[in-house]
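Proteins get letters first, then strands, A, B, ... in listed order; numbering begins at 1 in each. It should be emphasised that the depicted structure is a prediction, and the values quoted were computed from it without experimental measurement.
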There are 2 protein chains.
Amino acid sequence: MNSMPKIGMEPIRRRALIDAAISAIGERGALNVTMSDIAGRAGVSTALAHHYFGGKDDLLFATMRHILAQLGNEIRPAIAPLSGPERVRAIIAVNLSPDQFRPEIIAAWLAFYVEARRDAALGRLFRIYVHRLHSDLMSGLTHLPRARAVHIARGLAALIDGLYLRRALGEGVEDSAAAIALVEDYLDMALAPHPSRGSQPHA
Amino acid sequence: MNSMPKIGMEPIRRRALIDAAISAIGERGALNVTMSDIAGRAGVSTALAHHYFGGKDDLLFATMRHILAQLGNEIRPAIAPLSGPERVRAIIAVNLSPDQFRPEIIAAWLAFYVEARRDAALGRLFRIYVHRLHSDLMSGLTHLPRARAVHIARGLAALIDGLYLRRALGEGVEDSAAAIALVEDYLDMALAPHPSRGSQPHA
DNA sequence: TTTCCTTGATTGATCAGTCAATCAATAATA
DNA sequence: TATTATTGATTGACTGATCAATCAAGGAAA
């Protein structure tokens with residue numbers, strides 16, 4: 001380990017393998033993709049995939065982490081300058097943006113949701129996502145009583161995930177814009193003062 | 001196939017194998033269960049499972065059909081005497097009842113959702129479920145303009161599925177009652193006349 | 001004795017992971 | 001400049017395990 005005796009292929013290969021994994025998962029629809037398939041798509045041998053990632057689980061974990069990081073990188077700047085309902089709207093817009101609503105991304109999400117039930121590391125990753133989404137939503141609902149804000153945040157989160165599911169199945173809401181409209185409609189209703197309804201108090 | 005020269009083990013075995021499949025899927029969290037595992041839980045050999053179901057895919061298909069049929073059998077009598085919002089409330093209550101909210105059932109749902117992306121037969125099965133849920137919901141929203149009813153029905157369906165997802169992950173809404181309360185709250189808001197909001201018209 | 005019921009053993013395929021061996025590029029050296 | 005040592009990059013071939021599916025044979029009721 002003196003200096004740089006060889007070129008730096010590592011980041012390129014890692015990225016290529018992750019992209020290949022997303023592509024493969026998107027096409028097969030589940031995590032039962034083979035290392036051969038992934039490596040083939042990335043244009044390398046299976047041995048190289050093992051060399052860089054250690055094993056299949058590690059590669060899939062890195063893939064999911066990449067997807068989550070990408071989502072985080074889109075959300076952070078989008079909501080930074082906003083507060084209140086506008087902040088919530090931005091979160092919704094990014095989570096359901098055409099970019100996140102791509103079939104292969106949805107397929108990967110769904111497949112990882114399933115896998116997270118068994119894989120402890122994946123489960124932790126998802127819990128981080130769930131918590132981040134929740135606290136992001138809460139940060140736009142500070143003008144409401146806490147209990148009411150929690151209620152709405154949970155509803156929004158479930159709605160977003162539900163729309164993902166239906167998208168994965170190819171049924172229900174058609175495109176990104178329709179999904180966003182649906183969630184925003186929920187938000188509008190929840191924020192609008194309504195006569196006397198609901199189990200939670202509101203301002 | 002003349003009459004009944006031998007006792008009828010078939011329905012008993014089929015049912016036992018389906019129950020075993022649900023149990024196995026619930027425990028492993030995905031569809032990558034083995035025929036050995038399923039057959040073992042049912043107390044028979046793998047060869048017998050093949051004898052009665054033909055192959056693994058057929059067994060899993062029958063398992064999902066059984067779960068969907070069970071849901072249908074619970075919903076039908078529950079909503080038959082009702083109409084309007086009460087009918088919608090009954091649909092919500094059954095879909096999120098403690099019985100449907102069992103971890104192993106949720107796990108099976110989720111796993112089949114994933115598999116339905118590839119398996120055409122499973123996909124058809126799910127489309128039937130989606131359509132039935134939608135038309136059931138619509139039948140309780142006849143007092144609203146059609147466009148508004150469609151909007152609400154889609155929101156309710158997505159919300160229900162989203163709550164399933166979060167339940168599968170073990171995060172978010174805790175139990176059946178909390179999930180029902182969340183969806184009913186959405187329904188209450190959607191049905192309550194609110195000042196001037198939303199992209200869809202309402203009565 | 002016919003007919004369903006049931007199984008153990010086997011087979012063929014798939015796949016993750018390993019390994020020893022090349023290739024290529026740079027840095028040190030003479 | 002030419003040579004050589006060093007090291008990352010890369011692969012083909014192999015292995016061990018897993019698993020769905022098959023089959024031929026052995027019960028047991030009718």
(request) Please confirm whether A/W109 and A/F126 have ring centers closer than 6.0 angstrom. (result)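 When the ring centroids of A/W109 and A/F126 are compared, they turn out to be within the sub-6.0 Å range.
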
How long is the line joining [atom1] of [X] and [atom2] of [N], in whole Å?
{"X": "B/K56", "N": "D/dC19", "atom1": "NZ", "atom2": "P", "value": "8 Å"}
{"X": "A/L31", "N": "C/dA16", "atom1": "CG", "atom2": "P", "value": "12 Å"}
{"X": "A/H51", "N": "D/dT7", "atom1": "NE2", "atom2": "P", "value": "14 Å"}
{"X": "A/L48", "N": "C/dT18", "atom1": "CG", "atom2": "P", "value": "15 Å"}
{"X": "A/R28", "N": "C/dC15", "atom1": "CZ", "atom2": "C1'", "value": "11 Å"}
{"X": "A/L59", "N": "C/dC15", "atom1": "CG", "atom2": "P", "value": "16 Å"}
{"X": "A/D58", "N": "C/dA16", "atom1": "CG", "atom2": "P", "value": "13 Å"}
{"X": "B/I12", "N": "D/dA29", "atom1": "CD1", "atom2": "C1'", "value": "14 Å"}

What heavy-atom pair brings [X] and [Y] nearest, and what distance separates the two atoms?
{"X": "A/A153", "Y": "A/L137", "answer": "O-CD1, 3.6 Å"}
{"X": "A/M35", "Y": "A/A49", "answer": "CE-CB, 3.9 Å"}
{"X": "B/G155", "Y": "B/Y186", "answer": "CA-OH, 3.4 Å"}

(message) Side chain of A/H50 only, heavy atoms from C-beta on: which candidate in C/dT7, C/dT6, C/dG17 is closest?
(response)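 Side chain of A/H50 sits closest to C/dG17.
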
(request) Return the nearest nucleotide to the side chain of B/M9; candidates are D/dA9, C/dT6, C/dC19. (result) C/dT6

(request) Would you kindly compare A/T46 and A/Y52 by the position of their nearest DNA chain D nucleotide and give the one closer to the 5′ end? (result) A/Y52

(request) For A/T34, answer base if it contacts any base atom (sugar-phosphate contacts may also be present), sugar-phosphate if it contacts only those atoms, and nothing otherwise; contact means non-hydrogen atoms under 4.0 Å. (result) sugar-phosphate

(message) Taking only side-chain N and O atoms of A/R13, does any of them lie within less than 4.0 angstrom of OP1 or OP2 on D/dG8?
(response)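 Answer is no, no contact under 4.0 Å.
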
(request) On DNA chain C, check which nucleotide each of B/A47 and A/A47 is closest to and give me the residue with the more 5' one. (result) B/A47

(request) Pick out which of B/L71, B/I106, B/I160, B/I75 makes a side chain to side chain contact (heavy atoms under 4.5 Å, CB included) with B/Q100. (result)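 Considering B/L71, B/I106, B/I160, B/I75, a side chain to side chain contact (heavy atoms under 4.5 Å, CB included) with B/Q100 is found only for B/L71.
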
